[in-house]
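Only one structure is covered here, and it is reproduced in the block below.
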Amino acid sequence: WRHRHLRLWPDREFAGAAVATGEPSRLRASAPLIASWAALTLLWILVSRPAQPPDLSAYPTTTYRVSVFLIGALVSGVVEEAAFRGYMQRGLEAFGAERAVLVTSVVFTLSHGVHGLGTLLLVGPGFFVVSVLYGVLALRTGTVIPGMLLHTFGDLAHTYFATLGGDGRLLIAP
């Protein structure tokens, strides 16, 4: 059940259809989506840069800080893509691919409301658009793996450049 619904690997029919028709690589055909994602990630970083460095005293060791930095991005990238673009979107595609992408994107955006209403109002539209990009990317490539990679990289970039202000020394505990 998980294999059929997660969309981790493209179906054989999906992958074979691209080869048989001589279509360009599904990932290469998705280059405009990836470029749009990069622009949105840069905008997200610029909009959410703090005025002062964060207080990381709750993370007392370097190992703790680095693992929160890396594992936080990896877990959110993998889990959110599996949940939203894998299981949820795949399940909703029975009602139409476009509708599935839109509904999944609304739920994805609202799930980030835990960051507060002000944050949601500020970055929610960007979360919605990037979620649509992840959804279309999953449709075009037949897998959630590119979305997982982009999502993880975007979260790492955001944490490093926005939260830490580009100062990797903040990951080193005193």
Side-chain angles (χ1 to χ4, degrees), residues 1-45 48 63-64 66-115 120 123-163:
W1 187 91
R2 281 192 310 258
H3 175 73
R4 191 171 67 242
H5 291 89
L6 175 58
R7 194 194 326 254
L8 191 57
W9 305 111
D11 297 330
R12 288 185 183 173
E13 299 83 30
F14 184 91
V19 172
T21 60
E23 291 180 33
S25 157
R26 300 266 183 181
L27 193 54
R28 198 169 3 134
S30 299
L33 292 174
I34 295 169
S36 299
W37 165 86
L40 282 169
T41 299
L42 179 61
L43 182 62
W44 180 36
I45 289 168
S48 51
T63 304
Y64 196 151
V66 170
S67 54
V68 166
F69 174 68
L70 295 175
I71 301 302
L74 182 63
V75 167
S76 66
V78 170
V79 171
E80 287 180 358
E81 291 310 304
F84 291 104
R85 263 59 66 185
Y87 294 118
M88 179 183 264
Q89 180 176 311
R90 183 77 173 233
L92 291 171
E93 286 173 10
F95 304 102
E98 296 83 10
R99 186 173 291 149
V101 169
L102 291 176
V103 169
T104 302
S105 296
V106 167
V107 174
F108 175 80
T109 302
L110 293 175
S111 74
H112 288 83
V114 298
H115 300 294
L120 187 61
V123 295
F127 282 166
F128 178 80
V129 172
V130 81
S131 180
V132 169
L133 293 174
Y134 290 144
V136 173
L137 186 63
L139 287 174
R140 285 193 183 172
T141 62
T143 176
V144 294
I145 292 175
M148 287 178 174
L149 294 171
L150 290 175
H151 194 143
T152 299
F153 182 75
D155 285 354
L156 282 171
H158 178 266
T159 301
Y160 184 78
F161 291 109
T163 306

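Note that this is a predicted model, so its numbers are computed, not measured.
How far CZ of Phe69 is from CG of Asp155: 10.0 Å, rounded to the nearest 0.5 Å. Here the straight-line distance linking atom CG of Leu6 with atom CD1 of Ile145 works out to 8.5 Å at 0.5 Å rounding.
Counting heavy atoms from C-beta on, the side chains of Leu150 and Leu133 never come closer than 4.5 Å. Contact annotation: the side chain of Met148 approaches that of Leu8 to within less than 4.5 Å [non-hydrogen atoms, C-beta and beyond]. Side-chain contact between Leu92 and Arg99 is absent, with no heavy atoms from C-beta onward closer than 4.5 Å. Annotation: side chain of Tyr134 is not in contact with side chain of Leu33 (no heavy-atom distance under 4.5 Å). Between Arg7 and Leu139, the closest side-chain pair of non-hydrogen atoms falls below 4.5 Å. No side-chain heavy atom of Phe128 sits less than 4.5 Å from a side-chain heavy atom of Leu110. With a 4.5 Å cut-off on side-chain heavy atoms, Tyr87 and Val144 do not count as touching.
Residue Gly154 comes nearest to Trp44 through the heavy atom pair O-CZ3, 3.8 Å, listed as atom of the first residue, atom of the second, then distance. Listed here is the closest heavy atom pair of Glu81 and Arg85: OE2-NH2, 2.7 Å. Scanning both residues, Leu137 and Pro146, for their nearest heavy atoms gives CD2-CB, 3.8 Å. The shortest non-hydrogen separation linking Ile45 to Ala162 is O-CB, 3.8 Å. For the pair Ser76 and Ala73, the tightest heavy-atom approach, listed with the atom from each and the gap, is OG-O, 3.2 Å. Closest approach of Pro10 to Thr143, counting heavy atoms only: CD-CB, 3.9 Å.
For the pair Thr163 (side chain) and Tyr160 (backbone), a donor-acceptor distance under 3.5 Å is absent. One N or O on the side chain of Ser105 and one on the backbone of Val132 form a donor-acceptor pair closer than 3.5 Å. Put simply, the side chain of Ser131 never gets that close to the backbone of Phe127: no donor and acceptor are under 3.5 Å apart.
Just one of Gln89, Met88, Glu80 meets the side chain to side chain contact (heavy atoms under 4.5 Å, CB included) condition when paired with Phe108; it is Glu80.
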